[in-house]
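Along the sequence shown, the residues carry numbers beginning at 1. Note that ligands are numbered from 1 as they come in the structure, with each ligand's atoms numbered from 1 the same way. What you see below is based on every heavy atom in this structure, not just the backbone, and it leaves out hydrogens, waters and symmetry mates.
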Amino acid sequence: MKIIVLNCGSSSIKYQLFEMETTEVLAKGVAEKIGLHGSFIKHERNDGIQVKIEGEILDHQAGIEYILGILKSEKYGSIKDFNEIDAVGHRVVHGAEAFKGSEFITEDVIKEMEKCIDLAPLHNPPNLKGIYAMQVLLPDVPQVGAFDTAFHQTMPAHAYMYAIPYSLYKKYGLRRYGFHGSSHRYVSARAAEILKKDISKLRIITCHLGNGASIAAIVGGKSIDTSMGLTPVEGLIMGTRTGDLDVGVLLYIMQKENIDHFNANILVNKHSGMLGITGVSSDMREIETAAAEKNERAILGLDMYYYRIKKYIGSYAAAMGGVDAIVFTGGIGENSPEAREEVCKNMEFLGLEFDNDGNRGKRGKEVIISKPGSKVIAMVVPTNEELVIAKDTEQIVLESLKNK
Ligand code: AMP
(Lines give C-alpha, C1' and ligand atoms only; values in the text may rest on other atoms or scores of the structure.)
Protein backbone atom coordinates (compact mmCIF):
# COMPACT_ATOMS: atom_id res chain seq x y z
CA MET A 1 0.00 0.00 0.00
CA LYS A 2 1.31 3.47 -0.90
CA ILE A 3 0.23 6.40 1.25
CA ILE A 4 0.96 10.07 0.81
CA VAL A 5 1.10 12.15 3.99
CA LEU A 6 0.41 15.87 3.70
CA ASN A 7 1.13 18.62 6.20
CA CYS A 8 -0.42 21.79 4.82
CA GLY A 9 0.59 25.07 6.47
CA SER A 10 -0.51 28.58 5.59
CA SER A 11 2.02 28.94 2.74
CA SER A 12 3.66 25.53 2.61
CA ILE A 13 2.90 21.87 1.98
CA LYS A 14 5.20 19.17 3.33
CA TYR A 15 4.72 15.70 1.87
CA GLN A 16 6.05 12.16 2.12
CA LEU A 17 5.13 9.15 0.02
CA PHE A 18 5.35 5.89 1.99
CA GLU A 19 5.55 2.27 0.89
CA MET A 20 3.73 0.77 3.85
CA GLU A 21 4.94 -2.82 3.44
CA THR A 22 8.44 -1.64 4.35
CA THR A 23 7.51 1.80 5.85
CA GLU A 24 10.09 3.18 3.42
CA VAL A 25 9.79 6.83 2.38
CA LEU A 26 9.83 6.67 -1.43
CA ALA A 27 9.93 10.45 -1.86
CA LYS A 28 9.48 13.57 0.20
CA GLY A 29 9.57 17.28 -0.20
CA VAL A 30 8.07 20.66 0.48
CA ALA A 31 6.24 23.30 -1.52
CA GLU A 32 6.96 26.73 -0.12
CA LYS A 33 5.79 30.32 -0.53
CA ILE A 34 2.40 29.24 -1.83
CA GLY A 35 0.40 32.29 -2.90
CA LEU A 36 3.51 34.45 -2.52
CA HIS A 37 6.35 35.58 -4.77
CA GLY A 38 9.06 33.03 -5.42
CA SER A 39 7.13 29.78 -4.87
CA PHE A 40 9.10 26.56 -5.28
CA ILE A 41 9.02 22.84 -4.61
CA LYS A 42 12.00 20.94 -3.24
CA HIS A 43 11.69 17.24 -3.95
CA GLU A 44 13.87 14.31 -2.96
CA ARG A 45 13.58 10.70 -4.06
CA ASN A 46 14.84 7.82 -1.92
CA ASP A 47 17.68 7.13 -4.35
CA GLY A 48 19.07 10.57 -3.53
CA ILE A 49 17.86 12.36 -6.66
CA GLN A 50 16.87 15.91 -5.73
CA VAL A 51 15.24 18.71 -7.65
CA LYS A 52 14.08 22.26 -6.93
CA ILE A 53 11.32 23.48 -9.20
CA GLU A 54 10.50 27.18 -9.22
CA GLY A 55 7.27 28.64 -10.55
CA GLU A 56 4.13 30.36 -9.40
CA ILE A 57 1.99 28.28 -7.02
CA LEU A 58 -1.20 30.22 -6.52
CA ASP A 59 -2.91 28.06 -3.94
CA HIS A 60 -2.78 24.73 -2.10
CA GLN A 61 -4.66 22.85 -4.82
CA ALA A 62 -2.16 24.02 -7.43
CA GLY A 63 0.69 23.07 -5.09
CA ILE A 64 -0.66 19.54 -4.57
CA GLU A 65 -1.26 19.19 -8.31
CA TYR A 66 2.41 20.05 -8.94
CA ILE A 67 3.54 17.62 -6.23
CA LEU A 68 1.45 14.80 -7.72
CA GLY A 69 2.90 15.67 -11.14
CA ILE A 70 6.45 15.35 -9.81
CA LEU A 71 5.62 12.06 -8.05
CA LYS A 72 4.41 10.66 -11.39
CA SER A 73 7.08 12.24 -13.59
CA GLU A 74 9.45 9.99 -15.49
CA LYS A 75 12.58 11.79 -14.32
CA TYR A 76 11.88 12.41 -10.62
CA GLY A 77 8.82 10.26 -9.93
CA SER A 78 8.17 7.22 -7.77
CA ILE A 79 4.88 6.04 -9.31
CA LYS A 80 3.67 5.42 -12.85
CA ASP A 81 0.00 6.09 -12.22
CA PHE A 82 -2.03 7.94 -9.58
CA ASN A 83 -4.01 4.77 -8.92
CA GLU A 84 -0.89 3.49 -7.14
CA ILE A 85 -1.70 5.95 -4.33
CA ASP A 86 -3.98 4.00 -2.00
CA ALA A 87 -4.70 6.68 0.59
CA VAL A 88 -3.89 10.18 1.82
CA GLY A 89 -3.12 11.04 5.44
CA HIS A 90 -3.43 14.67 6.54
CA ARG A 91 -1.92 16.29 9.58
CA VAL A 92 -4.64 18.39 11.19
CA VAL A 93 -3.66 20.66 14.04
CA HIS A 94 -6.86 21.07 16.08
CA GLY A 95 -9.50 18.44 16.60
CA ALA A 96 -10.92 19.96 19.81
CA GLU A 97 -13.08 17.51 21.78
CA ALA A 98 -14.58 16.06 18.62
CA PHE A 99 -11.62 13.87 17.64
CA LYS A 100 -10.04 11.39 20.01
CA GLY A 101 -8.11 9.58 17.29
CA SER A 102 -7.45 9.72 13.56
CA GLU A 103 -10.59 9.68 11.42
CA PHE A 104 -11.66 8.59 7.97
CA ILE A 105 -12.63 11.81 6.21
CA THR A 106 -16.30 12.06 5.32
CA GLU A 107 -18.50 15.11 4.76
CA ASP A 108 -19.64 14.90 8.42
CA VAL A 109 -16.04 14.76 9.63
CA ILE A 110 -15.19 17.77 7.47
CA LYS A 111 -18.11 19.67 9.06
CA GLU A 112 -16.76 18.87 12.53
CA MET A 113 -13.27 19.95 11.43
CA GLU A 114 -14.65 23.23 10.13
CA LYS A 115 -16.18 23.84 13.60
CA CYS A 116 -12.65 23.65 15.07
CA ILE A 117 -11.41 26.55 12.91
CA ASP A 118 -12.20 29.13 15.62
CA LEU A 119 -9.74 27.38 17.95
CA ALA A 120 -6.88 27.30 15.42
CA PRO A 121 -7.62 30.00 12.86
CA LEU A 122 -4.08 29.97 11.44
CA HIS A 123 -3.63 26.21 11.23
CA ASN A 124 -6.89 24.40 10.52
CA PRO A 125 -7.89 26.35 7.36
CA PRO A 126 -4.75 25.33 5.41
CA ASN A 127 -5.10 21.74 6.72
CA LEU A 128 -8.64 21.75 5.32
CA LYS A 129 -7.47 23.24 2.03
CA GLY A 130 -5.29 20.16 1.54
CA ILE A 131 -8.31 17.93 2.14
CA TYR A 132 -10.56 19.87 -0.25
CA ALA A 133 -7.80 19.82 -2.89
CA MET A 134 -7.36 16.05 -2.65
CA GLN A 135 -11.13 15.56 -2.96
CA VAL A 136 -10.89 17.30 -6.33
CA LEU A 137 -7.56 15.88 -7.52
CA LEU A 138 -7.88 12.26 -6.36
CA PRO A 139 -11.64 11.93 -5.70
CA ASP A 140 -11.60 8.15 -5.38
CA VAL A 141 -8.71 7.94 -2.95
CA PRO A 142 -9.65 7.60 0.75
CA GLN A 143 -8.41 10.31 3.09
CA VAL A 144 -7.67 10.26 6.81
CA GLY A 145 -7.16 13.16 9.23
CA ALA A 146 -4.65 12.78 12.10
CA PHE A 147 -5.09 15.40 14.81
CA ASP A 148 -2.27 16.91 16.89
CA THR A 149 -4.71 17.20 19.78
CA ALA A 150 -6.15 13.66 19.66
CA PHE A 151 -3.52 11.87 21.75
CA HIS A 152 -4.11 14.26 24.65
CA GLN A 153 -7.87 13.69 24.74
CA THR A 154 -7.21 11.19 27.55
CA MET A 155 -6.25 14.05 29.92
CA PRO A 156 -8.53 14.17 32.97
CA ALA A 157 -10.67 17.26 33.50
CA HIS A 158 -8.56 18.48 36.43
CA ALA A 159 -5.59 18.69 34.03
CA TYR A 160 -7.35 20.23 31.06
CA MET A 161 -9.64 22.78 32.70
CA TYR A 162 -8.65 26.43 33.11
CA ALA A 163 -9.83 28.20 36.24
CA ILE A 164 -12.10 30.54 34.30
CA PRO A 165 -15.89 30.74 34.60
CA TYR A 166 -17.17 27.27 33.73
CA SER A 167 -19.78 28.80 31.42
CA LEU A 168 -16.98 29.99 29.11
CA TYR A 169 -15.64 26.46 28.80
CA LYS A 170 -19.12 25.30 27.85
CA LYS A 171 -19.75 28.20 25.49
CA TYR A 172 -16.46 28.22 23.54
CA GLY A 173 -14.66 25.00 24.43
CA LEU A 174 -11.97 26.99 26.24
CA ARG A 175 -9.79 24.32 27.83
CA ARG A 176 -6.34 22.83 27.42
CA TYR A 177 -6.03 20.53 24.41
CA GLY A 178 -2.27 20.03 23.90
CA PHE A 179 -0.46 19.50 20.61
CA HIS A 180 2.40 17.46 19.07
CA GLY A 181 0.21 14.44 19.90
CA SER A 182 1.56 12.23 17.10
CA SER A 183 5.11 12.92 18.26
CA HIS A 184 4.46 12.23 21.97
CA ARG A 185 2.58 9.08 21.01
CA TYR A 186 5.32 7.83 18.68
CA VAL A 187 8.31 8.45 20.94
CA SER A 188 6.62 7.05 24.06
CA ALA A 189 5.63 3.86 22.22
CA ARG A 190 9.09 3.57 20.67
CA ALA A 191 10.75 4.14 24.07
CA ALA A 192 8.80 1.20 25.52
CA GLU A 193 9.85 -0.94 22.54
CA ILE A 194 13.51 0.00 22.95
CA LEU A 195 13.35 -0.74 26.67
CA LYS A 196 11.51 -4.01 25.93
CA LYS A 197 8.88 -3.05 28.49
CA ASP A 198 5.12 -3.12 28.42
CA ILE A 199 3.99 0.49 27.88
CA SER A 200 0.88 -0.14 29.99
CA LYS A 201 3.18 -0.38 33.01
CA LEU A 202 5.32 2.70 32.32
CA ARG A 203 5.24 6.32 33.42
CA ILE A 204 7.00 8.34 30.72
CA ILE A 205 7.78 12.04 30.34
CA THR A 206 8.28 12.98 26.69
CA CYS A 207 10.03 16.26 25.88
CA HIS A 208 9.40 17.41 22.31
CA LEU A 209 11.88 20.26 21.97
CA GLY A 210 11.80 21.89 18.55
CA ASN A 211 10.88 25.37 17.34
CA GLY A 212 7.59 24.59 19.01
CA ALA A 213 8.07 22.65 22.23
CA SER A 214 5.87 20.67 24.56
CA ILE A 215 6.21 18.07 27.25
CA ALA A 216 3.79 15.30 28.15
CA ALA A 217 3.12 12.99 31.08
CA ILE A 218 2.17 9.56 29.77
CA VAL A 219 0.86 6.83 32.04
CA GLY A 220 0.28 3.38 30.55
CA GLY A 221 0.57 4.83 27.03
CA LYS A 222 -2.05 7.52 27.70
CA SER A 223 -1.41 11.25 27.97
CA ILE A 224 -2.54 12.52 31.35
CA ASP A 225 -1.09 16.01 31.02
CA THR A 226 0.81 18.16 28.56
CA SER A 227 2.23 21.65 28.56
CA MET A 228 0.50 23.22 25.57
CA GLY A 229 -3.04 24.42 26.14
CA LEU A 230 -5.93 25.86 24.15
CA THR A 231 -3.29 27.06 21.71
CA PRO A 232 0.35 26.04 21.17
CA VAL A 233 1.59 29.08 23.12
CA GLU A 234 1.34 27.66 26.66
CA GLY A 235 4.04 25.73 28.49
CA LEU A 236 7.72 25.56 27.64
CA ILE A 237 9.70 28.51 26.30
CA MET A 238 9.90 28.13 22.52
CA GLY A 239 11.73 29.69 19.58
CA THR A 240 9.40 32.69 19.37
CA ARG A 241 6.54 31.82 21.79
CA THR A 242 6.38 32.81 25.44
CA GLY A 243 5.22 29.55 26.94
CA ASP A 244 3.65 30.06 30.40
CA LEU A 245 3.01 33.71 31.11
CA ASP A 246 1.04 35.54 33.80
CA VAL A 247 -1.95 36.86 31.84
CA GLY A 248 -1.46 40.07 33.81
CA VAL A 249 1.77 40.68 31.90
CA LEU A 250 -0.06 40.57 28.59
CA LEU A 251 -2.85 42.83 29.84
CA TYR A 252 -0.25 45.31 31.13
CA ILE A 253 1.66 45.36 27.83
CA MET A 254 -1.56 45.74 25.82
CA GLN A 255 -2.53 48.73 27.90
CA LYS A 256 0.87 50.44 28.13
CA GLU A 257 1.93 49.81 24.54
CA ASN A 258 -1.59 50.40 23.26
CA ILE A 259 -1.67 47.23 21.21
CA ASP A 260 -4.77 45.39 20.08
CA HIS A 261 -5.66 41.69 20.06
CA PHE A 262 -4.04 41.11 16.65
CA ASN A 263 -0.70 42.57 17.70
CA ALA A 264 -0.83 40.95 21.13
CA ASN A 265 -1.16 37.62 19.34
CA ILE A 266 1.92 38.41 17.22
CA LEU A 267 3.83 39.50 20.33
CA VAL A 268 3.32 36.25 22.22
CA ASN A 269 3.66 33.97 19.19
CA LYS A 270 6.34 35.57 17.02
CA HIS A 271 8.41 38.07 19.00
CA SER A 272 8.81 36.30 22.33
CA GLY A 273 10.43 33.07 23.51
CA MET A 274 14.15 32.59 22.90
CA LEU A 275 14.17 35.25 20.19
CA GLY A 276 12.60 37.83 22.49
CA ILE A 277 14.86 37.09 25.45
CA THR A 278 18.17 36.70 23.63
CA GLY A 279 17.70 39.12 20.74
CA VAL A 280 20.02 36.71 18.90
CA SER A 281 17.76 34.26 17.12
CA SER A 282 14.95 31.77 17.57
CA ASP A 283 17.33 29.05 16.39
CA MET A 284 18.91 27.05 19.20
CA ARG A 285 22.18 26.47 17.32
CA GLU A 286 22.76 30.21 16.98
CA ILE A 287 21.83 30.80 20.62
CA GLU A 288 24.21 28.08 21.82
CA THR A 289 26.98 29.63 19.70
CA ALA A 290 26.26 33.12 21.10
CA ALA A 291 26.25 31.74 24.67
CA ALA A 292 29.61 30.04 24.05
CA GLU A 293 30.88 33.50 23.03
CA LYS A 294 29.63 34.84 26.41
CA ASN A 295 26.59 36.71 25.10
CA GLU A 296 24.80 37.41 28.39
CA ARG A 297 21.28 37.41 27.07
CA ALA A 298 21.91 34.15 25.23
CA ILE A 299 23.17 32.63 28.51
CA LEU A 300 20.10 33.96 30.35
CA GLY A 301 17.79 32.61 27.65
CA LEU A 302 19.31 29.14 27.85
CA ASP A 303 19.14 29.14 31.65
CA MET A 304 15.46 30.06 31.47
CA TYR A 305 14.85 27.46 28.76
CA TYR A 306 16.39 24.57 30.72
CA TYR A 307 14.84 25.67 34.02
CA ARG A 308 11.32 25.65 32.57
CA ILE A 309 11.75 22.10 31.26
CA LYS A 310 13.19 20.95 34.59
CA LYS A 311 10.20 22.38 36.47
CA TYR A 312 7.78 20.55 34.19
CA ILE A 313 9.65 17.27 34.62
CA GLY A 314 9.41 17.67 38.40
CA SER A 315 5.73 18.51 38.29
CA TYR A 316 4.88 15.62 35.95
CA ALA A 317 6.86 13.18 38.09
CA ALA A 318 4.73 14.38 41.01
CA ALA A 319 1.54 14.12 38.96
CA MET A 320 2.37 10.52 37.95
CA GLY A 321 3.66 9.46 41.37
CA GLY A 322 7.10 8.86 39.86
CA VAL A 323 8.67 8.44 36.46
CA ASP A 324 10.31 5.51 34.68
CA ALA A 325 11.67 7.18 31.56
CA ILE A 326 12.37 10.68 30.27
CA VAL A 327 12.48 10.88 26.48
CA PHE A 328 13.98 13.71 24.42
CA THR A 329 12.91 14.42 20.85
CA GLY A 330 12.43 17.27 18.33
CA GLY A 331 15.27 19.22 16.67
CA ILE A 332 16.74 20.36 20.00
CA GLY A 333 15.96 17.24 22.04
CA GLU A 334 17.52 15.02 19.37
CA ASN A 335 20.52 17.19 18.52
CA SER A 336 21.57 19.23 21.53
CA PRO A 337 23.51 17.17 24.10
CA GLU A 338 24.03 20.43 26.04
CA ALA A 339 20.29 20.96 26.44
CA ARG A 340 19.78 17.36 27.61
CA GLU A 341 22.64 17.57 30.08
CA GLU A 342 21.45 20.86 31.58
CA VAL A 343 17.86 19.65 31.91
CA CYS A 344 18.92 16.36 33.55
CA LYS A 345 21.46 17.91 35.93
CA ASN A 346 20.89 17.28 39.66
CA MET A 347 18.00 14.89 39.12
CA GLU A 348 19.52 12.17 41.33
CA PHE A 349 16.80 12.88 43.92
CA LEU A 350 14.34 11.59 41.31
CA GLY A 351 16.39 8.46 40.64
CA LEU A 352 18.06 9.69 37.46
CA GLU A 353 21.76 8.91 37.10
CA PHE A 354 22.61 10.87 33.98
CA ASP A 355 25.42 9.57 31.77
CA ASN A 356 27.36 12.65 30.64
CA ASP A 357 29.81 10.65 28.55
CA GLY A 358 27.08 8.60 26.91
CA ASN A 359 25.16 11.77 26.09
CA ARG A 360 28.02 13.83 24.70
CA GLY A 361 28.18 14.06 20.91
CA LYS A 362 25.00 12.03 20.38
CA ARG A 363 22.78 13.59 17.73
CA GLY A 364 19.73 12.40 15.86
CA LYS A 365 19.71 8.77 16.93
CA GLU A 366 18.09 6.45 19.43
CA VAL A 367 20.31 6.28 22.48
CA ILE A 368 20.03 5.76 26.24
CA ILE A 369 21.72 8.61 28.10
CA SER A 370 21.33 7.48 31.71
CA LYS A 371 23.83 5.24 33.46
CA PRO A 372 23.24 1.49 33.59
CA GLY A 373 21.17 0.73 36.68
CA SER A 374 19.65 4.25 36.84
CA LYS A 375 16.13 3.95 38.28
CA VAL A 376 14.88 6.56 35.81
CA ILE A 377 16.02 6.03 32.23
CA ALA A 378 16.81 9.07 30.09
CA MET A 379 16.87 8.53 26.37
CA VAL A 380 16.75 10.14 22.93
CA VAL A 381 14.17 8.95 20.40
CA PRO A 382 14.02 10.85 17.10
CA THR A 383 10.38 11.57 16.30
CA ASN A 384 8.53 10.50 13.17
CA GLU A 385 5.13 12.14 13.04
CA GLU A 386 4.63 11.35 9.36
CA LEU A 387 5.02 7.62 9.99
CA VAL A 388 2.39 7.78 12.74
CA ILE A 389 0.00 9.49 10.33
CA ALA A 390 0.79 6.98 7.56
CA LYS A 391 0.24 4.00 9.89
CA ASP A 392 -3.05 5.40 11.23
CA THR A 393 -4.17 6.00 7.66
CA GLU A 394 -3.27 2.46 6.62
CA GLN A 395 -5.10 0.96 9.59
CA ILE A 396 -8.26 3.03 9.11
CA VAL A 397 -8.38 2.36 5.37
CA LEU A 398 -7.86 -1.39 5.84
CA GLU A 399 -10.63 -1.46 8.47
CA SER A 400 -13.02 0.42 6.21
CA LEU A 401 -12.31 -2.05 3.37
CA LYS A 402 -13.00 -4.95 5.75
CA ASN A 403 -16.35 -3.46 6.72
CA LYS A 404 -17.46 -2.91 3.13
P1 AMP B 1 12.31 21.31 14.85
O2 AMP B 1 11.25 22.36 14.96
O3 AMP B 1 11.98 20.03 15.53
O4 AMP B 1 12.78 21.09 13.43
O5 AMP B 1 13.60 21.86 15.64
C6 AMP B 1 14.23 23.05 15.26
C7 AMP B 1 15.20 23.46 16.35
O8 AMP B 1 16.19 22.43 16.49
C9 AMP B 1 15.94 24.75 16.05
O10 AMP B 1 15.94 25.58 17.20
C11 AMP B 1 17.35 24.26 15.77
O12 AMP B 1 18.30 25.21 16.09
C13 AMP B 1 17.44 23.06 16.67
N14 AMP B 1 18.58 22.22 16.29
C15 AMP B 1 18.75 21.53 15.16
N16 AMP B 1 19.98 20.95 15.15
C17 AMP B 1 20.61 21.32 16.30
C18 AMP B 1 21.88 21.08 16.89
N19 AMP B 1 22.79 20.34 16.26
N20 AMP B 1 22.15 21.63 18.10
C21 AMP B 1 21.23 22.39 18.74
N22 AMP B 1 20.02 22.65 18.24
C23 AMP B 1 19.69 22.13 17.03
Classify the ring geometry of Tyr169 against Tyr160: parallel below 30°, tilted from 30° to 60°, perpendicular beyond 60°.
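Plane angle between 30° and 60°, so tilted.
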Aromatic rings His180 and His208: how do their planes relate, parallel, tilted or perpendicular, breaks at 30° and 60°?
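Parallel, since the angle between the ring planes stays under 30°.
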Does the N or O separation between [X] and ligand 1 drop below 3.5 Å for any pair?
{"X": "Asn211", "answer": "yes"}
{"X": "Gly210", "answer": "no"}
{"X": "Ser336", "answer": "no"}

Distance from [atom] to nearest protein heavy atom, with residue and atom:
{"atom": "atom 10 (O) of ligand 1", "result": "Met284 N, 3.0 Å"}
{"atom": "atom 7 (C) of ligand 1", "result": "Ile332 CG1, 3.8 Å"}
{"atom": "atom 20 (N) of ligand 1", "result": "Asn335 O, 3.4 Å"}
{"atom": "atom 12 (O) of ligand 1", "result": "Asp283 OD1, 2.6 Å"}
{"atom": "atom 14 (N) of ligand 1", "result": "Gly331 O, 3.6 Å"}

Do you see a donor-acceptor pair shorter than 3.5 Å between the side chains of Asn356 and Asn359?
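Distance-only check fails for Asn356 and Asn359.
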Do Ser223 and His152 have side-chain N/O donor and acceptor atoms under 3.5 Å apart?
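Present: a donor and an acceptor within the cut-off.
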Geometric cation-pi criterion Arg308 and Tyr312, 6.0 Å radius, 45° cone:
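Arg308 over Tyr312 ring: no.
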Going by an N to O cut-off under 4.0 Å, is there a salt bridge joining Lys391 and Glu394?
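So Lys391 does not pair with Glu394 through a salt bridge.
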Classify the contact between Arg363 and ligand 1 as side chain, backbone, both or neither, using a heavy-atom distance cut-off of under 4.0 Å.
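Within the 4.0 Å criterion, Arg363 contacts ligand 1 through side-chain atoms alone.
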Do the side chains of Ile259 and Ile266 get nearer than 4.5 Å, heavy atoms only?
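Answer no - side chains too far apart.
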